[in-house]
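Presented below is the structure to which this report refers.
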Amino acid sequence: MSDQAQELRKLIRLRHEKDTPSPGSALTGQPERKTRIITVTSGKGGVGKSNFTLNFALCLQARGYKTLIFDADIGFANIDVLMGISSKANLLHLIKGEKTIGELVQTGPKGLQFIAGGSGLYDLVRLSDSEADSFTDQIQELGGMADFILFDTGAGLSKETQRFIAAAQETLVVTTPEPTSITDAYALIKMVRSEDPDVAFKLVVNRAAHSREAKETAEKIAMVARRFLSVELQTLGFVEDDQHVSRAVKEQTPFTIAYPNSPAAKSMNVLVDQFLGQQPKADSTGGFKGFLSRLIGR
């Protein structure tokens, strides 16, 4: 890494720390830190959303930000599989009262923490008042244990995915240059905005051949959103199409770890630096507690 790149990352880190209390966790009894809640979603399956989420989180972790992934993909939860880890507990065990939130949190490579997905998300909308209170008390403990919590949702717009998008502070929409992916990404944005006009999206173009293709893809979606939805979409960045990614998936090792000098890993690192260099959206949502209230509709 060049001296300029190192200095840039140092400045980004210092800038973020100005708005972040001392690290801590309700689980450890330490002072609670400010947690940024990010939903990662896509208009269709097969665009590499979960793989993006995993490697995005690892890059944040590598820069010193405590990061946790919550696998919120009901039908195709696979964050643990991408890391080659066999999970024995998931959200369903928490909802049934069989596990505590502390017992659900697992540790992956580079100290990255994650909660495996499962069918329990279906039950979130059917919790009784007492069950909702218990669930909220448990999940609330996540609020101070990480700088970033990333919710990897299912593709498309299910009722559960829409809840996560509406509840989170920030939403990243992953698309690819394929026409069907572009169309589905726009459809997702349109449907969410029709229900909640305050949701702000950032576009991520995955599997782009080069920066020009990524820019053209993002501009297509942004132009249609501007014309028909009166929405200004922000582009976060792109990840280069790279055979090392599929190779890493087969090896069940994140590509930023298995092939740190690959084109995909390099473009991911640039994207993460761009993300950290942006001013976070002002949080008027009530923080993590407000997120939970919106998520379970209380």
Side-chain angles (χ1 to χ4, degrees), residues 1 5-6 8-10 12-13 16-17 20 23 25 33 35-42 47-73 76-87 104-117 142 145-153 168 170-172 174 202 204-208 236-278 280:
M1 186 189 303
Q6 288 179 336
L8 174 61
R9 290 183 181 176
K10 181 179 178 181
I12 290 172
R13 176 70 180 175
H16 189 272
E17 285 176 346
T20 305
S25 169
R33 73 181 84 200
T35 301
R36 286 176 66 178
I37 305 160
I38 301 169
T39 292
V40 185
T41 191
S42 62
V47 301
K49 171 185 54 63
S50 294
N51 208 6
F52 167 83
T53 303
L54 173 58
N55 286 277
F56 182 81
L58 283 166
C59 288
L60 289 173
Q61 186 82 10
R63 285 156 177 74
Y65 299 103
K66 194 68 177 176
T67 306
L68 182 146
I69 298 177
F70 193 122
D71 194 343
D73 189 338
F76 300 94
N78 61 3
I79 287 293
D80 51 349
V81 176
L82 290 170
M83 293 185 284
I85 297 174
S86 177
S87 298
L104 255 61
V105 177
Q106 301 177 74
T107 302
K110 305 298 183 180
L112 177 69
Q113 294 185 311
F114 70 97
I115 294 176
L142 294 177
M145 69 182 298
D147 296 302
F148 294 96
I149 297 181
L150 308 180
F151 287 91
D152 179 34
T153 72
E170 304 170 70
T171 298
L172 309 184
V174 181
K202 292 182 181 178
V204 172
V205 181
N206 196 26
R207 299 175 185 163
L236 180 58
F238 77 100
V239 179
E240 189 168 338
D241 193 18
D242 183 357
Q243 62 181 359
H244 291 95
V245 175
S246 58
R247 192 179 303 171
V249 170
K250 293 176 182 177
E251 296 170 359
Q252 291 186 286
T253 304
F255 65 81
T256 51
I257 294 177
Y259 305 103
N261 296 316
S262 65
K266 290 179 179 179
S267 57
M268 176 65 79
N269 276 292
V270 170
L271 183 150
V272 170
D273 284 338
Q274 291 174 170
F275 170 77
L276 292 172
Q278 297 172 354

Has [X] got a side-chain atom pairing as donor or acceptor with [Y]'s backbone, closer than 3.5 angstrom?
{"X": "Ser87", "Y": "Ala116", "result": "no"}
{"X": "Asp147", "Y": "Lys66", "result": "yes"}
{"X": "Thr39", "Y": "Thr171", "result": "no"}
{"X": "Gln113", "Y": "Leu68", "result": "no"}

Please find the pair of heavy atoms, one from [X] and one from [Y], that lie closest to each other, and give the distance.
{"X": "Lys266", "Y": "Asn261", "value": "CE-O, 3.2 Å"}
{"X": "Leu271", "Y": "Phe238", "value": "CD1-N, 3.5 Å"}
{"X": "Gly237", "Y": "Gln274", "value": "CA-NE2, 3.8 Å"}
{"X": "Ser86", "Y": "Gln106", "value": "O-OE1, 4.3 Å"}
{"X": "Val239", "Y": "Met268", "value": "CG2-CE, 3.9 Å"}

Check your understanding: Which is it for Asn269 and Arg63 under the side-chain contact (heavy atoms from CB on, under 4.5 Å) test, yes or no, and what are the steps along the way?
Key -> CA-CA 10 Å; Asn269 276 292; Arg63 285 156 177 74; 2.9 Å; yes

Nearest 0.5 Å, please: how far is [atom2] in [Y] from [atom1] in [X]?
{"X": "Lys110", "Y": "Cys59", "atom1": "NZ", "atom2": "SG", "answer": "11.0 Å"}
{"X": "Leu54", "Y": "Thr256", "atom1": "CG", "atom2": "OG1", "answer": "7.0 Å"}
{"X": "Leu276", "Y": "Tyr65", "atom1": "CG", "atom2": "OH", "answer": "4.5 Å"}
{"X": "Leu58", "Y": "Thr53", "atom1": "CG", "atom2": "OG1", "answer": "11.0 Å"}
{"X": "Leu150", "Y": "Ser50", "atom1": "CG", "atom2": "OG", "answer": "11.5 Å"}
{"X": "Leu172", "Y": "Leu236", "atom1": "CG", "atom2": "CG", "answer": "6.0 Å"}

**Study point:** side chain to side chain contact (heavy atoms under 4.5 Å, CB included) involving Ala248 - partner list, sequence neighbours excluded
**Key:** Phe255, Ala258, Tyr259

Answer yes or no: is there a side-chain heavy-atom contact under 4.5 Å between [X] and [Y]?
{"X": "His244", "Y": "Arg247", "value": "yes"}
{"X": "Ile115", "Y": "Leu142", "value": "yes"}
{"X": "Met145", "Y": "Val105", "value": "yes"}

Point to revise | Verdict with supporting geometry, Asp71 and Phe114, side-chain contact (heavy atoms from CB on, under 4.5 Å) | key: CA-CA 7 Å; Asp71 194 343; Phe114 70 97; over 6 Å; no

Review point. For Thr41 and Thr153, does a side-chain donor sit closer than 3.5 Å to a side-chain acceptor?
Key: yes

Review point. Do Asn51 and Asn55 get their side chains close enough for a donor-acceptor pair, meaning under 3.5 Å?
Key: yes

Exercise for review: Identify which one of Asn206, Val174, Val205 satisfies the side chain to side chain contact (heavy atoms under 4.5 Å, CB included) criterion when paired with Val47.
Suggested key: Val174

Check your understanding: Run the side-chain contact (heavy atoms from CB on, under 4.5 Å) check on Phe148 and Phe56 step by step: do they pass?
Key -> CA-CA 11 Å; Phe148 294 96; Phe56 182 81; over 6 Å; no

